[in-house]
Amino acid sequence: MRSGCGAAPTLARAAQRPLRAALSHAHGYACKPMPRLSEYLLPTEREPPADAEALSHRLLVRAGLIRQVGAGLWTWLPAGWRTHQRIVQIIREEMDAIGGMEMLMPILQPAELWRRSGRYEGFGEELFKLKDRKDADMVLAPTSEEVITTHAATLIRSYRDLPRVLYHFQTKERDEPRPRAAVLRSREFVMKDSYSFDRDREGLDISYQKHAGAYDRILDRCGLEWYSVEADVGAMGGFGAHEYMAPCPAGENDVVLAPGYAANLEVARAEAQPVVLPSAPAAPEEVQTPGMTTITQVAEALGLPEGALLKAYPVVLPNGSLTLVMLRGDHRVNEVKLALALGSSFRPASAEEIERHLGPPGSIGPVGVQVPVLLDDAVVADGGGYVVGANRPDRHLRGVVPGRDFAFARGDVRAVVAGDRVDGHEVRIERAIEVGNIFKLGTRYSDVLGATYLDRSGVAQPVWMGCYGIGPARIAAAAIEQFADDRGISWPRSISPFAVHLVTLGKEGSEERALSERIYAELVSAGIDTLYDDRDAGPGEKFADAELLGCPLRVTVGRRTLQSGELEVQVRRGQEPRALPLEGAAAAIAELWRHVA
RNA sequence: CGGGGCGUGGCGCAGCCUGGUAGCGCGCUCGCUUUGGGAGCGAGAGGUCCCGGGUUCAAAUCCCGGCGCCCCGACCA
């Protein structure tokens with residue numbers, strides 16, 4: 001918070017002439033102008049738009065912070081933009097603190113660069129493509145690895161030029177297949193993306209750790225509840241990645257959490273809950289399962305838990321070969337982990353392929369098949385036997401023991417479920433929104449775009465890169481989701497559009513109004529960001545709007561204030577009321593401000 | 001891409017089935033009253049009924065085509 005930009009005018013002077021003029025002109029101080037609601041654009045709505053589902057979407061619109069332009073396209077209105085900019089500033093400070101240098105790269109980029117990196121086709125339908133008047137192919141950048149690496153190729157020449165961290169805040173364009181929940185997934189949004197350049201892998205590790213520290217501080221300062229989770233390095237390749245997840249109901253990811261453990265469900269590993277198996281006979285026995293094609297049906301018919309059955313998931317690799325993935329009946333395949341275990345992408349086998357290689361879909365199994373079997377790690381026999389499909393219609397096999405009755409390779413390919421354990425602790429699974437990510441790129445871009453430097457011995461080496469993104473809009477939405485109550489938003493103080501929402505209940509010309517003006521001037525002079533509700537409206541409406549907008553402190557000036565000589569301050573979170581002495585109110589409010597969340 | 005839903009004043013909705021001068025609540029404007037939890041009375045303003053075509057004497061309403069938006073799933077550096 002800024003401090004003192006001029007003495008408050010006295011009450012007497014305030015009564016003599018328009019206060020704002022006194023503040024901004026007569027005094028000549030460079031006070032940050034603090035809006036009166038009667039002159040501000042804050043279009044609050046009593047009802048949310050009918051198509052808004054997510055809480056953050058409803059509240060952002062109702063509180064007058066954003067408005068829609070098209071699918072996935074949103075305008076930030078003045079108060080909303082204040083929050084956005086506060087988040088941007090926090091990010092900027094923490095990036096600068098780790099030695100980042102702010103710059104700006106264009107959104108509109110030549111397709112040529114993207115062809116060279118292989119992403120013109122590789123990025124997929126999400127990449128906005130267009131042509132300029134000379135018919136040259138262009139793209140609207142969803143991210144800036146190509147441009148920054150091209151710069152690095154010519155601007156970084158020597159080991160002395162490394163390491164470096166460069167970043168910018170820039171609009172990103174992504175033709176999302178399904179924009180949703182207002183700013184949670186939009187087609188155009190501002191992102192801070194930074195890029196680190198190092199001499200080698202060890203240097204990259206250091207840059208990565210610095211970013212991890214910066215991101216920790218950014219999200220703490222923004223007042224969010226958040227987790228850093230291990231992430232899938234995905235299609236981009238890479239040497240490691242973390243995602244920063246903020247738990248919230250409107251989130252799009254599942255995070256697996258246990259004390260000391262946090263991972264994206266896509267990559268999470270945990271110890272499965274045990275299942276009691278019937279003891280295995282000397283050899284598998286066939287059982288009749290007429291018309292039963294699902295795990296549930298067979299388990300029920302045999303009186304066994306679903307975990308005592310094995311589920312078959314035949315997949316086809318790009319080379320056309322078929323692999324039979326087997327996992328416990330109560331588990332589900334995690335496709336990301338499966339691709340990792342297979343070392344390749346895959347697709348589920350078609351019914352026709354299953355029929356040809358194995359048997360009738362619905363009762364296929366691993367015994368006697370001619371295709372490789374990949375057995376999930378959670379399948380442990382331990383003296384017992386499993387029920388599997390017999391590769392014949394209406395038949396299953398009972399008492400099947402992996403290893404004895406079929407050969408297999410091992411892999412962890414199942415999705416973790418709540419109740420599994422990590423280090424003895426049960427895990428829980430929460431919805432969360434990804435607000436940032438950090439990624440060790442390695443030399444993927446420097447190799448293809450020619451970013452090399454000369455090392456100490458004069459040998460050209462590829463630059464080792466990392467990329468790091470964070471989305472202010474998602475941070476804002478996550479903060480709303482995490483802290484809103486039934487009256488509206490409750491901003492963490494660091495990213496609230498205003499610190500104080502000053503409500504006057506006095507009519508124009510009243511004594512209360514004159515007092516309000518004085519308090520307003522004092523707050524502004526004390527450097528406190530204040531929104532002053534001086535509208536000619538009823539108290540109910542003003543309070544409702546204040547609680548909807550969610551500034552941490554609401555200061556009310558009315559007849560009661562005059563009678564009691566005390567100022568009423570409400571802390572938004574918990575709607576806790578307090579009384580402060582009128583004398584020295586601004587200082588007391590500033591002090592209170594320092595202690596709210 | 002598959003499935004579902006919706007486009008009528010700034011917001012929320014009715015009217016459409018069964019065609020006949022477009023309505024309600026909130027909001028907005030003006031006046032008076034009111035003023036510590038979305039206040040009252042009175043008077044007003046505001047709509048190419050998403051677009052195009054068709055049927056009809058007549059289309060918000062029926063038919064055909066298109067566009068837009070939302071939700072679920074798939075997908076997702």
Side-chain angles (χ1 to χ4, degrees), chain A residues 41 43-54 57-58 61-62 64 67-74 114 117-119 122-127 139 141-146 172-182 184-187 189 191 193 195 231-238 241 243 250 252-253 264 266 335-336 347-348 433-434 436-441 444-445 466-471 487-488 503-510 512-513 516 533 535-548 554-564 568 570 575 577:
Chain A
L41 183 66
T44 54
E45 296 289 345
R46 195 175 278 205
E47 300 189 62
D51 54 24
E53 297 274 324
H57 180 180
R58 298 163 71 95
V61 173
R62 283 192 57 212
R67 281 295 185 270
Q68 183 164 29
V69 176
L73 301 173
W74 295 85
W114 288 72
S117 72
R119 292 209 297 179
F123 202 91
E125 295 287 301
E126 267 187 60
L127 185 62
V139 310
T143 175
S144 294
E145 282 81 4
E146 282 75 7
K172 298 293 180 289
E173 308 283 348
R174 297 183 185 181
D175 197 356
E176 290 286 347
R178 185 151 98 78
R180 62 175 289 275
L184 234 38
R185 179 169 291 273
S186 54
R187 293 196 293 174
F189 59 97
M191 180 166 102
D193 41 327
Y195 303 89
D232 173 31
V233 291
M236 283 195 59
E243 287 170 347
E252 303 181 312
N253 299 83
N264 197 314
E266 286 179 353
E335 298 192 355
V336 173
R347 60 171 175 82
I433 185 73
E434 178 187 351
N437 56 44
I438 58 179
F439 197 103
K440 291 183 190 177
L441 285 169
R444 206 225 121 160
Y445 291 92
C467 66
Y468 316 88
I470 195 164
R487 303 213 172 185
V503 172
T504 181
L505 301 179
K507 272 191 296 191
E508 195 96 48
S510 67
E512 300 97 286
R513 178 60 76 95
S516 304
D533 189 352
R535 293 173 304 169
D536 181 22
E541 192 178 345
K542 291 188 174 195
F543 293 148
D545 274 352
E547 279 147 11
L548 180 57
R554 187 189 79 199
V555 175
T556 309
V557 179
R559 200 185 310 143
R560 281 190 207 161
T561 320
L562 286 174
Q563 287 163 355
S564 66
E568 182 188 311
Q570 188 203 62
Q575 276 145 269

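These values consider heavy atoms only, across backbone and side chains, with no hydrogens, waters or symmetry-generated copies. Throughout, protein chains are lettered first and strands after them, A, B, ... in sequence-line order, and every chain is numbered starting at 1.
- Ion pairing of A/R187 with A/D175 is present here, as a side-chain N (NZ or NE/NH1/NH2) and a carboxylate O approach within less than 4.0 Å.
- Among the protein residues, A/P177 comes within range of the nucleic acid bases, having at least one heavy atom under 4.0 Å from a base atom.
- Comparing B/G44 with B/G27, their C1' atoms are spaced 14 Å from each other, to the whole Å.
- Here the side chain of A/R62 pairs a donor or acceptor atom with the backbone of A/R46 at under 3.5 angstrom.
- Minimum interatomic distance between A/T504 and A/D533 (heavy atoms only, all atoms of both residues): CG2-O, 3.2 Å.
- Across the P atoms, B/G9 and B/G54 are found 25 Å apart, a figure rounded to whole Å.
- At B/C72, one or more side-chain N or O atoms of A/R178 fall inside 4.0 Å of OP1 or OP2 (strictly under the cut-off).
- Within the 4.0 angstrom heavy-atom criterion, only backbone atoms of the sugar-phosphate kind lie near A/A50; the bases stay farther away.
- A/A182 comes within 4.0 angstrom of no nucleic acid atom, judged by non-hydrogen atoms across all strands.
- Within the nucleic acid shown, A/P179 comes within 4.0 Å of sugar-phosphate atoms alone, with no base atom in reach, counting heavy atoms only.
- Separating the CD atom of A/E176 from the P atom of B/A74 is a distance of 15 Å, rounded to the nearest angstrom.
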Protein N or O to nucleotides 29-36 of chain B N or O, pairs below 3.5 Å:
{"unit_1": "B/G36", "atom_1": "O2'", "unit_2": "A/R560", "atom_2": "NH2", "d": "2.5"}
{"unit_1": "B/G36", "atom_1": "O6", "unit_2": "A/T561", "atom_2": "OG1", "d": "3.4"}
{"unit_1": "B/G36", "atom_1": "N1", "unit_2": "A/E568", "atom_2": "OE1", "d": "3.3"}
{"unit_1": "B/G36", "atom_1": "N2", "unit_2": "A/E568", "atom_2": "OE1", "d": "2.2"}
{"unit_1": "B/G36", "atom_1": "N2", "unit_2": "A/E568", "atom_2": "OE2", "d": "2.8"}
{"unit_1": "B/G36", "atom_1": "N3", "unit_2": "A/R560", "atom_2": "NH1", "d": "3.3"}

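- Distances shown here put a side-chain N or O of A/R180 below 4.0 Å from the OP1 or OP2 atom of B/C72.
- For the pair A/Q68 and B/G68, the criterion of a side-chain N or O lying under 4.0 Å from OP1 or OP2 is not met.
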